[in-house]
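A quick write-up on the structure given underneath.
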Amino acid sequence: MSRTAPDTAPEPAPSVQELEAQERRLVLRRFTCDDAWALGSLLVELARERRAPLAIGIHRAGRQLFHAALPGSTPDNDAWIARKRRVVERYGASSYLVGARFRAKGTTFEDSSRLDPDTYAAHGGSFPIRVENVGVIGAVTVSGLPQLEDHRFVVEALEQFLDG
């Protein structure tokens with residue numbers, strides 16, 4: 001008799017409410033250039049441990065504070081970073097949450113936002129850098145994994161960063 005491993009279903013995508021709760025929870029007290037370096041370095045460390053082929057970008061107020069391109073990433077990942085980051089800058093919410101809100105209405109960002117898909121992408125991986133009593137000041141973005149994994153990767157890093 002042969003035994004096989006049980007099939008494991010992929011984790012379900014988080015609901016809009018769960019995504020909104022993440023954003024309320026992941027708020028920083030401040031965010032300096034040194035903080036960008038520390039967060040970016042944490043993202044690189046986590047990606048290297050997992051051999052994840054990521055490109056990583058951190059922007060604040062229109063200025064790139066951190067960038068890394070790990071083995072396996074491509075120039076296309078940098079283009080995805082820019083497109084996802086623009087969604088965060090425009091909507092003040094994670095790129096995955098923006099896409100989820102459109103899907104919850106029975107449509108897609110591409111069909112209903114009236115924004116150029118070559119400039120904006122509501123795909124997971126870009127998360128707002130939100131500072132207490134200030135609001136959204138920038139975005140931390142990764143690209144290289146499927147969109148939900150990109151989103152979860154950034155959320156995990158922000159949780160660790162906040163706990164540190």
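Throughout, residue positions are numbered sequentially from 1 according to the sequence presented.
When all heavy atoms of P53 and L145 are compared, the closest pair comes out as CD-CD2, 4.0 Å. Between A121 and S95, the shortest heavy-atom contact is O-CB, 4.0 Å. Heavy-atom minimum distance, A13 versus E18: O-OE1, 4.4 Å. Heavy-atom minimum distance, T107 versus S112: OG1-OG, 2.5 Å. For C33 against R63, the heavy-atom pair with the smallest separation is SG-NH1, 4.1 Å. Of all non-hydrogen atoms in R103 and A122, the two that sit nearest each other are NH1-O, 4.5 Å.
Salt-bridge formation is detected for the pair D150/K84: a Lys NZ or Arg NE/NH1/NH2 atom is positioned less than 4.0 Å from an Asp or Glu carboxylate oxygen.
Sequence neighbours left out, the pairs with a member in residues 132-148 that pass side chain to side chain donor-acceptor pair (under 3.5 Å) are N77-S143, S126-T141. Each ring pair (Phe, Tyr, Trp, His ring centres under 6.0 Å) pair with one or both residues in residues 39-67, not counting sequence neighbours, appears once here: W37-F66.
Side-chain atoms of S113 do not come within 3.5 Å of backbone N or O of E110 as any donor-acceptor pair. In this structure a side-chain-to-backbone donor-acceptor pair under 3.5 Å is present from E23 to S94.
Proximity of R85 to P128: side-chain heavy atoms (C-beta onward) are nowhere separated by under 4.5 Å. For the pair R130/L26, no side-chain contact is recorded, criterion being any heavy-atom separation below 4.5 Å from C-beta on. Using a 4.5 Å cut-off on side-chain heavy atoms (C-beta onward), I129 and V136 make no contact. Side-chain atoms of D35 and R30, non-hydrogen and from C-beta on, do get closer than 4.5 Å to each other. Contact of the V27 side chain with the V131 side chain is not registered, since no non-hydrogen atoms from C-beta on lie closer than 4.5 Å.
If you take CG on L39 and CG on D34, they are separated by 12.5 Å, rounding to the nearest 0.5 Å. The distance from atom CZ of R50 to atom CD of E149, rounded to the nearest 0.5 Å, is 10.0 Å. If you take CZ on R83 and NE2 on H123, they are separated by 6.5 Å, rounding to the nearest 0.5 Å.
A search for side chain to side chain donor-acceptor pair (under 3.5 Å) contacts involving R60 returns nothing, not counting sequence neighbours.
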Check the pair T119, R86 against side chain to side chain contact (heavy atoms under 4.5 Å, CB included), reporting the backbone distance first and the verdict last. CA-CA 7 Å; T119 304; R86 287 186 195 107; 3.5 Å; yes
Go through the steps for R101 and E20 under the test salt bridge (Lys or Arg N to Asp or Glu O under 4.0 Å), then give the verdict. CA-CA 10 Å; R101 285 175 173 157; E20 289 171 343; 2.9 Å; yes
Show me, pair by pair, the donor-acceptor contacts under 3.5 angstrom made by side chains of residues 157-164, not counting sequence neighbours?
| residue | atom | partner | partner atom | Å |
| --- | --- | --- | --- | --- |
| E159 | OE2 | R25 | NH2 | 2.4 |
| Q160 | NE2 | E156 | OE2 | 3.4 |

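Grouping Ile, Leu, Val, Met, Phe, Trp and Tyr by side-chain contacts under 4.5 Å, direct or through others, puts L97 with V16, L19, Y96, L148. Cluster partners of Y91 are V87, V98, F102, F109, L115, Y120, counting Ile, Leu, Val, Met, Phe, Trp and Tyr whose side-chain heavy atoms approach within less than 4.5 Å, directly or via other members.
By the criterion of side-chain heavy atoms lying less than 4.5 angstrom apart, applied directly or through intervening Ile, Leu, Val, Met, Phe, Trp or Tyr residues, V142 is not grouped with I81; the two fall into different hydrophobic clusters. Taking hydrophobic clusters as Ile, Leu, Val, Met, Phe, Trp and Tyr residues chained together by side-chain heavy-atom distances below 4.5 Å, V134 does not share a cluster with V88. Follow the hydrophobic side-chain contacts under 4.5 Å out from V140 and you never reach W80; the two are in separate clusters.
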